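To start, the structure itself, in structure tokens.
The basis for the numbers below is simple: all heavy atoms, side chains too, and nothing from hydrogens, waters or symmetry mates. When a residue number appears, it is its place in the shown sequence, counting from 1. From a predicted model like this one, the values you see are computed outputs, not experimental measurements.
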Amino acid sequence: MKLENNNTKIKFSTKELFMGLDCSDSIYLEDFTIIESNKNFLEYSKSEILRIKVENHIIPSNSLYIEDIKKVINEDIQVIYVLFQQSFKKDLFRGRISIIQKRNNPVEFIVQLSVNWHNDVPKKVLLQFPFLIELSKNNSFLKPGEIHDIDYPSKRCLWNFHESPPATLTDSSIDHSIGIQFRDEFPWQANYNLGISEAIKEINFELYESEVQPTNILSDIFVMRLYFSPIGRSEIFKLWKEDTRSRYDLRDYKIPESSWSQKSYLQHFTFAYGKEAFNYDNKNIDIEKLLEKGKEFGGYDSIIFWHQYPRLGLDETNQWDLYNYLPQGYSNIKEIVKICHKNDVRVFLPFKPWDIRSNESLDIHAKRLEIVINQTEIDGLFLDTMSTLPDSFLRLKDKFPNFIFCSEGTPREPRQIEHLTSSWDQIGDIRRNFKVDIEANLFRFVFPEHPLYSISRWSVGSDKDSIIKRSIFNGMGIVIWQDVFGSWLPFSDDQKRKIKEYKNILIKYHACIFGKESVPIIDTLVPGLLCNQFSENPKSEMIYSFYNSTPNKICGSLLNLGDNLNKKCLQLYGTSGEFRIKNEDKTSIIQGEIDQNQVVMVLINY
């Protein structure tokens, strides 16, 4: 390897984290160390950052030439970087490895690459990142969204958004944590982050290498963002959440006319010709009977009036004209809306994108929707099978600011979360016999103002119990769907009672449960005991939802609350567990009992 000067090492440090680059015979990450404890997460003294593989040949390090090593520090930014060249036969790669921090923003670790191809003919290029593979082997490393218990296998939280949560490394001796995030905001761009956020979740990550197609312009191919917390992994989530939310315009959630949707907890899937809604003796739709029966659940807040499928497609009638087949056509819809509004219930109609004909556009359907809104005064549109909001529909928000779009899929595409302001938390897919897991939904905690409704349409018996538990564990709404296109799959009386009890909690403690300070999967004192924390103001009140995922009853100390200020404890939901606060060694501990496979909610206030 050739060097321009004898300067082969450079250091980067914040008040919490120390990193070093060593360019003695390759480019290594020499330190990845928490300063307070001097904990280095690299098992060996240093680890190679990058290997370039061209047509299945790794470029040897003796072809590496360091052009520049530099450090820049001022009041706005701290940067270290290494500028290098590496040749392969008659092809020349140039690259830059940088560690950057702007003011108090997260630290960013960036790899950039370019290439000049001989005769301008590109070759197949794969990249390897040995240092990242070594970090992932650390005993404290948790993959993105993963939950770790010493005595139980690692579990993952549900995450269905295009920005991936950070992986974490933790020094358990002082509970300091580092979050490692890879932003795959544009996954179809082959040269940006290389799918690392998905690959790092896999068991065989140590074999990871990714193809890139570098050009002759130096550009980012790898961006790793680092968060630091002196109080454990929960704070890493808060930092990442704050950083993620800062990139989105969430003003649509603050429109007064449509704020009703954020207090809509129970959504009923109303199959027009099902036994709940249709009176077969009188041959009419009895919506008052439906709403009256809904009181057994605590009362529906909205209904999705589902009429077309599975009838749609039997002839040439489209989804909008099929409403004319109702007993009184569109006037029937208007009457349903009138009755629902009288009972403080909102009404959605569905839109089916698979019924767009070859001679139609979304603009045509948007015009039909506008006519229907004016004609019936419906409150929202349910986007069947969709997770995006068409622009032609979005433009209607200017005319109808109280109108809401709710999608079957959680909005995953960039920017969709800004305008698609409610969705289903649909468990698994729509096939039968899908097991309902009780897991944390991270999306719900990043965007608490976005209503999510738990649903698993074919579930019966204990799986329906799990839907209820899952909803309570995450503080989410529920879809009440009992008539699944003619299959009658009702909730039991006991399940209805539990949902009614839960809805009353949502109403009374809405501000706390949907508070901006809520955090999923905080550390507990018992392996296998999962806990989500809900709060708008942690100095006033907090609600904890516990789930006992172990095969045994848990008794005793459950959660360390930190300080021993005067706190009060009240169980809100679940089998009585004699919950109490015990003050010891200048800290407060929640104690109680939780049966196997049960969810409880506990209120703590000052």
Open item on the list: So that I can tick it off, tell me whether Arg470 and Glu439 are bridged by a salt bridge, with the cut-off set at under 4.0 angstrom between side-chain N and carboxylate O.
Closed with: yes
TODO: Look at Glu370 together with Lys399 and state whether they make a salt bridge at an N to O cut-off of under 4.0 Å.
DONE: yes
Task: Within residues 441-451 or reaching into it, pairs that qualify as salt bridge (Lys or Arg N to Asp or Glu O under 4.0 Å) - sequence neighbours excluded - done: Arg245-Glu449
Open item on the list: Is it the case that the side chains of Thr421 and His450 hold a donor-acceptor pair, with the cut-off being a distance below 3.5 Å and no angle test?
Closed with: no
Open item on the list: Rounded at 0.5 Å granularity, tell me how far CG in Leu561 sits from CD1 in Ile604.
Closed with: 5.5 Å
Open item on the list: Any salt bridge linking Lys275 with Asp483? Criterion: basic side-chain nitrogen under 4.0 Å from a carboxylate oxygen.
Closed with: no
Task: Lys289 bridged to Glu292 by N-O distance under 4.0 Å - done: no
Open item on the list: I'd like to know if Arg247 and Glu163 make a salt bridge, using a cut-off of under 4.0 Å between side-chain N and carboxylate O.
Closed with: yes
Task: SB check Arg395 Asp363 (cutoff 4.0 Å) - done: yes
TODO: Inspect the contact between Lys241 and Asp243 and indicate whether a charged nitrogen and a carboxylate oxygen are less than 4.0 angstrom apart.
DONE: no
Task: Residues Arg457, Glu408: salt bridge by 4.0 Å N-O rule - done: yes
Task: Identified ring-ring contact (aromatic ring centres under 6.0 Å, His included) counterpart of Tyr273 within the set Tyr309, Phe305, Tyr325, Phe278 - done: Phe278
TODO: Check the surroundings of atom CD in Glu242: do more than 12 heavy atoms from other residues, nucleotides or ligands lie under 6.0 Å from it?
DONE: no
Open item on the list: One thing to verify: whether Glu276 and Lys293 come together as a salt bridge, which I'm taking to mean a side-chain N less than 4.0 angstrom from a carboxylate O.
Closed with: no
